[in-house]
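A short write-up of the structure that comes next.
Numbered from 1 within each chain, the chains take letters A, B, ... in sequence-line order.
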Amino acid sequence: MRTIPFFLICLVIGGIAFAAALTLGNDYYFFAGYVVLQYVVLSTAWNILGGYCGYVNFGTGAFFALGAYSTVTIYTLIDTNAFPHVVPIPVLMLVGGAVSAVVGLGMGYLTLRLRGAFFAIATLAMAVVLETLVVNWDFVGGSRGAFIIRPETIAPFGSYIRYLFLIMLLLAVASLTIARLIERSRLGYGLATIRDDEFAAEAAGVPTLRLKLIATTISGALMGMAGAPFPYYIGYLQPQPTFALDYAVNAIAMPLIGGTSTWVGPLIGALLLGSLQQIIIVTISSAVNLLLVGALLVAFVILAPNGIVGLAHKYLQHKDDDFVGRRRTGLEAPAPQVESSPTSEAPS
Amino acid sequence: MSELLEVDNLGKRFGGFVALENISLSVAAGERLGLIGPNGSGKSTLVNCICGTLRNEQGSVRFDGRQIDRLPAHRRTHLGLARSFQLPRPFVSMSLIENVRIPLLYTVEARGTRHAAEQIEERCHGLLREVGLEAKARRRPSDLTQVEMRKLELARAVAAEPKLLIADEAMAGLTHSEIEDILALLVRLNEQGVTVILIEHIMSAVMSFSRRLVVLVSGRKIADGQPEDVMRDPEVERAYLGQ
Ligand SMILES: Nc1ncnc2c1ncn2[C@@H]1O[C@H](COP(=O)(O)OP(=O)(O)OP(=O)(O)O)[C@@H](O)[C@H]1O
Ligand SMILES: [Mg+2]
């Protein structure tokens, strides 16, 4: 299927979801759905670097928070009591996305020569550094946090949350389309060679550093865009919950549970796990969530390393011979060191 | 003949261990060079330094008239250097046809030749056919034997349409007739203008292929010349063959 029909079909499905939520007549569904869609974006974005390229990023929370704090910064700078909310949310998302993209590029440049666990640790460290900066930056509220008063309504959507939901829906559709496009492109092939064997990739002429930078930039940008509307959603933005490990853990768990080799996996993982978490929050307690995610993650890594997509393939085809889902994930053991294992890599 | 590859005083260490010392080697365009030496003598390390998988600490490497020491490996591949890895490093998540498609997408296209999708497909099949793997085009490397993976390595290197091809023990474990096939492929490439460096332990293959022979022992070059002369060299006999 071509990209544009795919995008349109996703839009139609999204539109149906939106209409269904409308008929339920309770804004709660929009609040819950917003979070699920946000996770669709985050896990799809994570998967572009983690699934396609094999680099595990623990900094999802930081990229997300960068988007959110870009919004707070702009809000504090520009919005006044006389003209509240002058900057439309789509513009805020572009700014948040740009900030995260730049940070993603910078982080990539500093860390992408690291392999495996070292890269993951570096991203975690970056998240801690950024959080410390924000906590100590009074302009955006520091550790106290920042208030953003969400307008009650917005024409023609009625309540503001419906508008936010719709925006996140569009971003989710856009993310899926981008991920799918990458998957089938020359870039996608290049990223897969990096995941499989970086030295062989270079020897075949793949400019590995450049492709990894492209992947971190796109991935970071999407995460930042997902974070930009968040202050409007939450109303009161605090550093700790915004930088929370929840985002990082979920953004890793959802693609792994769904399957990392195609755009479908993160979507399924985010829809399932995201909805399950929303149900648990209402029925039990939000404290159970991370426990659940952890347990599911362990179960899948052991029992179904190719995720739900991999399982489905196996049962539908009764062979997983030529199935892309056998692609290794970045979490698996690194390739065995062979012959004179190359140590230093050439910077381009 | 013009020099295609010029290695000058190259040195490489692993910690305190000197893997290569003062290696100088010129290879002219169109040559068929055999590179031999006992296990651990530094042959693969030399290939890695030439191709940019490893960095040499000393000396320089020139290729096609330009210094390439500081270039990342993929740039060297774009310039026309291709190698097979001694221990195969296939792209495990991809079918064989995709494995050989990568150099076409990333190297041949980077040189400015754009092919239509069907042409690329055709070329990939052709490459697999030449190494006897066409029947397994849609299979994955994990379905291959070690010997077949070596052939895939070679096909992937050839796919980059190199000026200089370095085959690092592509023939170990092959049957006699398979060796003949691979040798015929290398000779054919050479006749089309590709310079070939063959690293092999199978002496009959080396001797029938090489027009010139270089011997490495313990990281040093101890002989370089006509194959027959080199084989009669007492130092070579002592250090390598008479062990
Ligand atoms: N990454 C590395 N770290 C440390 N030592 C290494 C490394 N790579 C190779 N060596 C050492 O360098 C020496 C040369 O190894 P190399 O693989 O180049 O030999 P070779 O001539 O290709 O041998 P073979 O015929 O067995 O392939 C060996 O002693 C090897 O142990
Ligand atoms: Mg070797």
- Item | I194(A), part contacting chain B, at a heavy-atom distance under 4.5 Å | neither
For [X] and [Y], which heavy atoms make the closest approach, and how far apart are they?
X	Y	value
H78(B)	G205(A)	NE2-O, 2.7 Å
I102(B)	A204(A)	CG2-CB, 3.9 Å
F91(B)	D197(A)	CE2-O, 3.8 Å
Y106(B)	P207(A)	CD2-CD, 3.6 Å
A200(A)	F85(B)	CA-CE1, 3.8 Å
S93(B)	D196(A)	OG-OD2, 2.8 Å

- Rounded to the nearest 0.5 Å, how far apart are CZ of F199(A) and CZ of R89(B)? 6.0 Å
- Looking at CD of E202(A) and OG1 of T53(B), how far apart are the two atoms once the value is rounded to the nearest 0.5 Å? 8.0 Å
Does a sphere of radius 6.0 Å around [atom1] in [X] hold more than 12 heavy atoms from other residues, nucleotides or ligands, not counting ones at 6.0 Å or beyond?
X	atom1	result
R186(A)	CZ	yes
L303(A)	CG	yes
E122(B)	CD	no

- Output every pair passing salt bridge (charged side-chain N to carboxylate O under 4.0 Å, His left out) with a member in residues 102-111 of chain B, not counting sequence neighbours, ordered by first then second residue. E109(B)-R114(B)
- Output, in order, the C-alpha distance, side-chain angles, deciding distance and verdict of side chain to side chain contact (heavy atoms under 4.5 Å, CB included) for L209(A) and H74(B). CA-CA 10 Å; L209(A) 183 61; H74(B) 72 268; over 6 Å; no
Listing, residues 117-125 of chain A side-chain donor-acceptor contacts under 3.5 Å, not counting sequence neighbours, or none:
{"unit_1": "T123(A)", "atom_1": "OG1", "unit_2": "F58(A)", "atom_2": "N", "d": "2.8"}
{"unit_1": "T123(A)", "atom_1": "OG1", "unit_2": "A120(A)", "atom_2": "O", "d": "2.6"}

